[in-house]
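So that the names make sense, note that chain A is the first sequence line, chain B the second, and so on, each numbered from 1.
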Amino acid sequence: MPVVTLPDGSRRTVSPGATAADVAREIGPGLAKAAIGARVDQRIIDLSAAITHDCSLSIITARSEDGDALRIMRHSAAHVMAEAICKLFPETKLVYGPPVENGFYYDIDLPRKLTPDDFRAIESEMARIVSEDRPFTRYEMPREAAMKKLRAEANPYKIDNAERAEGDVLSFYVTGPEPGKYWEDLCMGTHVPSTSRIGAFKLLSIAGAYWHGDASKQQLQRVYGTAFPTRKELDAYLRQLEEAKKRDHRKIGQELNLFVIDPLVGSGIVLWKPRGATVRLLLENHLRGELVRHGYQPVFTPHIGGLDLYRTSGHFPYYRDSQFPALFETDRARVLNELWVAADARGDADGLSLSETKWLDELRRIDEESWNRLAGPDGALRADAGNRKHNLHVIRDLLAGADGFLLKPMNCPHHVRIYASEPHSYRDLPVRLAEFGTVYRYEQSGELSGLTRVRGFTQDDAHLFCTPEQLLDELSGCLSLARFVLDTVGLSDYRVRIGLHQPGDPKFIDNPEGWRKGEAALVAAAQASGLSFVQERGEAAFYGPKIDFIVKDCIGREWQLGTVQVDYNLPERFGLEYVGPDNRAHRPVMIHRAPFGSLERFVGILIEHFMGAFPFWLAPVQAVVATVSEKSAAYGRELTDALRGRGLRVELDDSSEKIGPKKHRARSQKIPYILVVGEQEAANRTVNLNDRDGQNLGNVELHTLMARFLAENVPPLSNAPSHS
RNA sequence: GCUGCUGUAGCUCAGUCGGUAGAGCGCGUCCUUGGUAAGGACGAGGUCACGGGUUCAAAUCCCGUCAGCAGCUCCA
């Protein structure tokens, strides 16, 4: 007879055929009543599942803290929602309906477009099913029989799901006591014992989603909902969603006049207004100080670069679709470029591609001489694979001096050329070139979002050129700098991801040895830094692996901030060298790193982090001097000037309002301090100090105020010892 | 880029059945010269995103474009 070990370590022998529910009942009626599932060893099972072997067992109740209970209940809610939708819209084809972090969804294929107006009807149908207190009944069928049944139902999605499922047996869940009479769904489980155990639920939104997450497949309708054990918890969650929206940097950015995105300028192009620009500048200046301390050297490079630069780096072919269109000097350059891209894309395949033929014809029309060179002396075009390289070379040769320009998508090629502009000895290394460099990427329109995803942004970029022996130390220095900027602003809720390449995926440069060394170095540096991190395949940059610092925004979306990347490829592509102690040329290793990531995204996240209430050192306006009446206006002006004279960002409010409204306005602008000055303060040379949280901090003398402000006007950690 | 939703004053929003536009906040002027979470009066401000269409008549109905929002996909 099986023996189960309970969470408290006690053991129980169960009779053959006994279920998890039976065990719960033996332990106590209260537990049996609260139970909605069970965990056997590491697997979650139905209460109705039989215990067949020795195992550890814990009963999951609605109150279980680890989220299993919520997931089970939400998965069941997804079934109930699917049944409701099928009942209301019988032509619905179900696809896939899992629980997710804050609720559940079900993907459906339905020609009629659902709208939020349909939610009420679906929810009341769900409520009816819940009130019927129908048991979830699992039954299993041998794979072949199950496939036959599914094929008869002719839902291609479920057939596909079944084909992807593992095992010889497929399971189905009936929302009712017996198969055949109630709605059912192919499903591996787990479910609550009965529909009445689904607490409070609500449908939230509807959106498109691609089948299998593949943009080339057809689009399904995804209905999102959520469920909680009680109405109260659901309401609390909905309130929390509302609260989170108040943090939204797009809203706060508007309210506090930080930035604007003007359609006339372009979507995804950020205009920094004075107050937002101040925040950004303060962050930049703070980091500039750190860069000097860490041996970085400043460089400046302009916003465009020659196309051939990006052919050499690989950016032009690899990311052509997400770049602003290139600027060509002539039609001929445009055609030759199209031809180059087409030839490059063909790879080593034999024969000309359709677009190569098209652009060759075009070239012949406008510039027969160039066409002749490509075609060769005999007039026959060299189309075979062996000549692809030759053709690419000839095209670049033809373009020399008459090419085109690209808005720079990255700063690295420019920095690489600065490195290459003079010889380097191993004694000079590492060379660390830093620039707040603005780059332009033509992001898909549906991806643009406030400051977090834009088409022009400024990276706090730097490129380090070092010897292989120096790599680990340099990586460690970069990692600690990235942590330093996060620590400085108190962003502690981040995760660290090491992005590795996917061998064989053509989006990564083919250089197995470089990848191997780079990935090993990054993992070693991350381990040495004591960071906890996850490794994810396929998340590398095309030229090398990277470590990313990832944070969530107010609605839970993840964004990459700081990044540290190892690159063995660009030095190779550009033929970079340094002279080693052996007096021979060696290839340096490159590190790309940006602790903030992009200033736009970082400030966006920071606005949400602080809810617009920036700490004193970062506040665009640090204090408002509010005069009680005209009798204290002169003193107010004098005070404002004195504070400004010490570099503090102070504004004067001498409008003909009363103190109440003046304070209200300053607080709604999240200005840290309000300095109220009336006749009394003017006479005593004091100010009445108020903070933005509503505290009146009493009257202080001017020198006390000044000392306090100057002490507070310093970024945290500024005096910390060197962290590299 | 895809699917859905949305677009009315600087901001937040109302606008019924198709009949030529409204509030609050903000802004300006004036009154008030005041003591700690919104003082009062008056006023300016609109090609109802843009372009077509239906209609005697369109903010309203239809189509297209642009932009925003949510999700998907993408993200050097």
Open item on the list: Work out how far the P atom of B:C25 is from that of B:U6, and round it to whole angstrom.
Closed with: 29 Å

Open item on the list: The side chain of A:His664 is closest to which nucleotide in this list: B:A70, B:A76, B:A37?
Closed with: B:A37

TODO: May I ask you to say whether A:Arg275 pairs ionically with A:Glu651, meaning some side-chain N is under 4.0 Å from a carboxylate O?
DONE: yes

Task: Base-contact (B) and sugar-phosphate-only (S) positions in nucleotides 59-66 of chain B, heavy-atom cut-off under 4.0 Å, - elsewhere - done: --------

Task: A:Glu536 with A:Arg495: basic N within carboxylate O range, under 4.0 Å - done: yes

TODO: Please list all pairs passing the salt bridge (charged side-chain N to carboxylate O under 4.0 Å, His left out) test where one or both residues lie in residues 686-695 of chain A, with sequence neighbours left out.
DONE: none

Task: Presence of A:Arg557 side-chain N/O under 4.0 Å of B:G71 phosphate oxygens OP1/OP2 - done: yes

Task: Base-contact (B) and sugar-phosphate-only (S) positions in nucleotides 42-47 of chain B, heavy-atom cut-off under 4.0 Å, - elsewhere - done: ------

Task: Residue A:Gln219, side-chain atoms from C-beta onward, closest of B:U3, B:C75, B:A76 - done: B:U3

Task: All side chain to side chain contact (heavy atoms under 4.5 Å, CB included) counterparts of A:Glu572, not counting sequence neighbours - done: A:Arg587

TODO: Using distance alone, with no hydrogens and no angle criterion, decide if A:Asn161 and A:Tyr96 have a side-chain donor and acceptor under 3.5 Å apart.
DONE: no

Task: Length of the line joining A:Gln502:CD and B:C74:P, which is rounded to integer Å - done: 13 Å

TODO: Examine B:C69: is either OP1 or OP2 under 4.0 Å from a nitrogen or oxygen in the side chain of A:Arg250? Give yes or no.
DONE: yes

Open item on the list: Could you write out RNA chain B as dot-bracket? Rules: Watson-Crick or G-U wobble, both distances under 3.5 Å, brackets [ ] for crossings, | for pairs with another strand, dot for unpaired.
Closed with: (((((((..((((.....[..)))).(((((.......))))).....(((((..]....))))))))))))....

Open item on the list: Just N and O in the side chain of A:Tyr319: are any of them under 4.0 Å from OP1 or OP2 of B:A76?
Closed with: yes

Open item on the list: Between A:Glu600 and A:Arg453, does any NZ, NE, NH1 or NH2 come within less than 4.0 Å of an OD or OE carboxylate oxygen?
Closed with: no

Open item on the list: What does the B/S/- profile of nucleotides 24-35 of chain B look like, 5' to 3', with a 4.0 Å heavy-atom cutoff to protein?
Closed with: ---S----BBBB

